[in-house]
Enquirer: 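Pasting in a structure now, in C-alpha cells, and then I'll have a few things to ask.
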Amino acid sequence: RKIIILFLNFFIKTSFTVLILLLASTSFSQNYKMALGFKGGYPGYGSLNAKKSISKSDYLEASIGGFGRNSYSTGFHVELDYERMQALEEGFSFYYGLGALLGMTSNSNAAFLHLAPKAFIGLEYNFEDIPLNISIDTGPYLFVSPKIGSIWGGGLALRYAIR
C-alpha cells in the first residue's frame, strides 16, 4: 500500500512539474520534420531511434533496441516519448516530456515483462550546414513491472535530420 502511495505521489508531482513547464514555455522552433539514427544510454542501449515533429513545438520520439536491468539479464525494449521543444540559442533547444518503456528480459530461470512510465529533460543541437542532430537527456523511470522500483536513466542520440 505504501508503494502505491509513493508511486502516485511521484507521478502527480512529476506530471504537475511537466504541466507547469509546458504552460510556461513560449518560444519554440526546430528545423527538421523527422530525424533517424541511434541512441545509447541506460536502461536501453544500442537502440534505433526516430523523432518526428507533430507540430511547431511538439515531437514524438521512439526507440527500439537492447535492454538490461541488473538481475533480470538482458533483452529488448521499446520506448515512446512525447516531447515539448523550446529554442534556446542558434541550433540549441531544450526539451522535456513524458513517455513509457516496455521491455522484455530473460535469464536462465524465467522471462520478465518490464513496464515503466518516465519523465525527462534534455538538450538538443541541430547543425546548420549538415543534416545532423545530436541530443542528450536524463530523467527517472518508475518501474511497475515485474516489481515496483525506480532508476535514473538517460541517453545520447545521434540522428540524420530530414528537413
Side-chain angles (χ1 to χ4, degrees), residues 10-11 14-15 17-19 21-22 25 27-70 72-106 111-146 149-163:
F10 170 81
F11 185 75
T14 303
S15 298
T17 302
V18 170
L19 179 62
L21 288 172
L22 288 171
S25 301
S27 67
F28 302 100
S29 70
Q30 208 44 263
N31 59 358
Y32 64 90
K33 294 178 184 174
M34 180 174 243
L36 303 169
F38 298 97
K39 188 170 189 175
Y42 181 76
Y45 52 87
S47 303
L48 295 174
N49 182 264
K51 190 168 181 176
K52 171 84 172 111
S53 170
I54 57 174
S55 75
K56 186 176 179 182
S57 61
D58 299 320
Y59 287 77
L60 290 178
E61 183 176 344
S63 298
I64 184 168
F67 176 65
R69 272 195 77 209
N70 300 341
Y72 296 108
S73 194
T74 59
F76 73 94
H77 81 290
V78 175
E79 288 187 54
L80 183 60
D81 301 330
Y82 167 79
E83 300 174 4
R84 177 58 62 102
M85 192 81 65
Q86 181 174 356
L88 295 173
E89 289 186 20
E90 190 66 34
F92 278 100
S93 296
F94 165 77
Y95 62 93
Y96 50 90
L98 297 171
L101 174 144
L102 177 65
M104 186 74 119
T105 59
S106 64
F112 303 95
L113 178 67
H114 301 267
L115 179 61
K118 65 183 236 186
F120 54 88
I121 59 171
L123 290 173
E124 182 172 287
Y125 183 75
N126 289 288
F127 292 88
E128 193 69 30
D129 298 330
I130 57 175
L132 188 61
N133 163 289
I134 187 167
S135 69
I136 187 166
D137 55 46
T138 187
Y141 289 73
L142 183 57
F143 282 88
V144 294
S145 172
S150 64
I151 63 168
W152 197 269
L156 175 67
L158 183 62
R159 297 180 285 250
Y160 174 79
I162 302 167
R163 296 186 168 125

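In what follows, every heavy atom counts, from backbone to side chain, and hydrogens, waters and symmetry copies are set aside. Worth saying up front: this structure is predicted, and the values here are computed from it rather than measured.
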Enquirer: Does some side-chain heavy atom of Arg84 sit less than 4.5 Å from a side-chain heavy atom of Asp58?
Expert: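 The answer is yes; the side chains approach within 4.5 Å.
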
Enquirer: Nearest 0.5 angstrom please: Ile121 CD1 to Glu83 CD, how far?
Expert: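 So the CD1 of Ile121 and the CD of Glu83 are separated by 12.5 Å.
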
Enquirer: Any chance you could measure Tyr59, atom OH, to Lys52, atom NZ, to the nearest 0.5 Å?
Expert: 9.5 Å

Enquirer: What's the shortest heavy-atom distance between Lys118 and Ala100, and which atoms?
Expert: CG-N, 4.1 Å

Enquirer: Can you tell me how far CG of Leu113 sits from CE of Met104, rounded to the nearest 0.5 angstrom?
Expert: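 Answer rounded to 0.5 Å: 6.0 Å.
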
Enquirer: Could I get the full list of ring pair (Phe, Tyr, Trp, His ring centres under 6.0 Å) partners for Phe143, not counting sequence neighbours?
Expert: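 So Phe143 forms no ring pair (Phe, Tyr, Trp, His ring centres under 6.0 Å) with any residue.
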
Enquirer: Looking at CZ of Phe94 and CG of Asp137, how far apart are the two atoms once the value is rounded to the nearest 0.5 Å?
Expert: 11.0 Å

Enquirer: With a cut-off of 3.5 Å and sequence neighbours excluded, list every side-chain donor-acceptor pair involving residues 150-157.
Expert:
residue, atom, partner, partner atom, Å
Trp152, NE1, Thr138, OG1, 2.6

Enquirer: Using salt bridge (Lys or Arg N to Asp or Glu O under 4.0 Å) as the criterion, list what pairs up with Glu61, not counting sequence neighbours.
Expert: Lys39, Arg159

Enquirer: Taking ring pair (Phe, Tyr, Trp, His ring centres under 6.0 Å) as the test, write out the residues that go with Tyr160, two or more places apart.
Expert: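 Partners of Tyr160 under the ring pair (Phe, Tyr, Trp, His ring centres under 6.0 Å) test: none.
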
Enquirer: Could you pull out all residues at least two apart from Thr105 that satisfy side chain to side chain contact (heavy atoms under 4.5 Å, CB included)?
Expert: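 If we apply the side chain to side chain contact (heavy atoms under 4.5 Å, CB included) test to Thr105, skipping adjacent residues, the hits are Phe67, Tyr72, Phe112, His114.
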
Enquirer: Just verifying a value: how many Å separate Ile136 CD1 and Leu158 CG, rounded to the nearest 0.5 Å?
Expert: 12.5 Å

Enquirer: Residues two or more places apart in sequence or in another chain: which of them pass side chain to side chain contact (heavy atoms under 4.5 Å, CB included) with Tyr125?
Expert: Phe92, Phe127, Ile134

Enquirer: Identify the two heavy atoms, one from Gly66 and one from His77, that lie closest to each other, and give their separation to 0.1 Å.
Expert: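 Here Gly66 and His77 meet closest at O-ND1, 2.9 Å.
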
